[in-house]
Amino acid sequence: MAQAAAALGAPPPEAARSRGAESEFAPLLRAVRGQGLLERRVGWYTAAIAVNTLMLAAAVIGAVLMGDSWWTLTMAPVLAVLSARTAFLGHDAGHAQISGDRTLSRVIGLVHGNLLLGMSYAWWNEKHNRHHANPNHTEKDPDVAADVLVFTRRQAAVRIGFRRWLTRNQAWLFFPLTLLEGVALKVHSIRSLRIQSPGKRRVEAVLLGAHAVGYAALLLSVLPLGKALLFAALHQALFGLHLGLAFAPNHKGMEMPDPGKDRWGHLRRQVLTSRNIRGGMLTDWFLGGLNYQVEHHLFPSMPRPHLKLAQPMVRDHCRSLGIPYTETGLVDSYRQALRHMHEVGEPLRGVEPGVSGDAR
């Protein structure tokens, strides 16, 4: 239920438990609705999907025409950028930004996720909705759960062995590790099939299989094995890096709710944990609209082209309530995120295993 409410641009039920917390968000929600900013932009998304599809087709045709040539590898970065555009469209479908019809949204998500990227739409959507419901909450947000990276000193204190080394150096390793994200998404997608319902599993597995067969057949019909593997490695690495560059600025280094103490309402939960990135049309395009992270988290179903229009309203509302509204440049956002990860691993540098520092 909480996820459904978030998808509609409204706070989850727990956000309304406190009348004060509800009143902070309610006036903003009324104002945004009054401006029509939650209405779908079907024409905009139809054009965006058509353009992305044509560009993908052009890139594939270009690679086929180049044939067995080292120049064909130059199409791998192009496909990486277009793959990120595809992922952004799948993301928007998952939030019901493109259509209010759940079946149509799922079809768009399956095509852009499973078929074109080899990434499970069902797995990603479930995981991402949990993130939206409780951003930066170490016990509820899967994006800050202790895994390859950790985000609090409490998580870092219990790391041992190779993972301890990773945590000590995670700020330096972050961007190199994103080169593996494209492959990691596929691995997680395949693993998720075993816990999906039989109906979803069949559809998702068929589309994931079609992507794998089609991708391999295309590369091997154009390039010899060695060059095909190099093309795939370059494509997936740059795709992962692009996603890392798009997602890293959003929450890393921002407030993290104390699981035992903080009882924020919807407005504070989303605003205090999110960071916006300043920039123009190029930034909007490169980050897929995720540079308006505060607005996106407050109104997940808001169409991408409306996020910029809602920003002044959200900023002014936060200012009137004395709630910090964080906005910075792209490079500085990476600096802040890396600084946070460096500080998290600091107690482990020069500290013997079993001896923990500040657990916050």
Side-chain angles (χ1 to χ4, degrees), residues 1-13 15 25-56 82 84-117 119 121-122 124-133 135 203 246-247 250 266-267 270-271 274 276 281 283-315 317:
M1 184 178 295
Q3 294 173 5
L8 293 173
F25 181 67
L28 178 62
L29 177 59
R30 286 194 296 270
V32 166
R33 278 181 173 160
Q35 294 294 320
L37 298 181
L38 294 179
E39 296 177 4
R40 303 309 193 289
R41 290 286 298 274
V42 176
W44 189 93
Y45 275 109
T46 300
I49 291 172
V51 169
N52 188 66
T53 301
L54 290 173
M55 292 181 70
L56 280 171
L82 294 176
R85 308 300 104 206
T86 303
F88 293 147
L89 288 168
H91 165 271
D92 291 2
H95 281 299
Q97 294 178 23
I98 301 175
S99 171
D101 186 314
R102 294 183 62 183
T103 300
L104 178 58
S105 294
R106 181 169 180 254
V107 169
I108 295 172
L110 287 169
V111 170
H112 286 79
N114 294 58
L115 184 61
L116 295 179
L117 297 178
M119 182 180 75
Y121 172 73
W124 177 86
N125 210 33
E126 189 275 334
K127 172 179 175 291
H128 193 61
N129 281 336
R130 285 192 287 132
H131 156 71
H132 264 263
V203 174
F247 285 103
N250 300 342
H266 179 68
L267 184 73
Q270 306 301 341
V271 174
S274 302
N276 273 17
M281 292 180 59
T283 302
D284 292 358
W285 175 84
F286 181 72
L287 298 181
L290 297 178
N291 45 313
Y292 303 105
Q293 192 67 195
V294 175
E295 290 71 29
H296 171 56
H297 262 257
L298 286 172
F299 307 100
S301 67
M302 182 179 287
R304 195 191 309 176
H306 288 173
L307 294 171
K308 184 176 183 178
L309 301 178
Q311 185 182 31
M313 301 170 65
V314 174
R315 187 195 293 118
H317 185 68

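When a residue number appears, it is its place in the shown sequence, counting from 1. Heavy-atom basis, side chains included; hydrogens, waters and symmetry copies ignored.
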Close side-chain approach of [X] and [Y], heavy atoms under 4.5 Å:
X: H306; Y: L309; value: yes
X: R41; Y: Q97; value: no
X: L116; Y: L56; value: yes
X: N276; Y: R315; value: no
X: I108; Y: L89; value: no
X: W44; Y: P303; value: no
X: W124; Y: H91; value: yes
X: F88; Y: L290; value: yes

CE (M302) and CG (D92) are apart, to the nearest 0.5 Å, by 12.5 Å

Are any side-chain N or O atoms of [X] and backbone N or O atoms of [Y], one a donor and one an acceptor, separated by less than 3.5 Å?
X: R130; Y: N125; answer: no
X: S301; Y: A96; answer: no
X: R33; Y: L38; answer: no

Inset, instruction - Answer with yes or no after comparing the ring centroid distance for F25 and F299 against a 6.0 Å cut-off, counting only values under it. - result: yes

Is there a donor in the side chain of [X] and an acceptor in the side chain of [Y], or the other way round, less than 3.5 Å apart?
X: D284; Y: N291; result: yes
X: H132; Y: H296; result: yes
X: N250; Y: S274; result: no
X: H297; Y: H266; result: no

Would you say CE of M313 has more than 12 non-hydrogen atoms from neighbouring residues, nucleotides or ligands within 6.0 angstrom?
yes

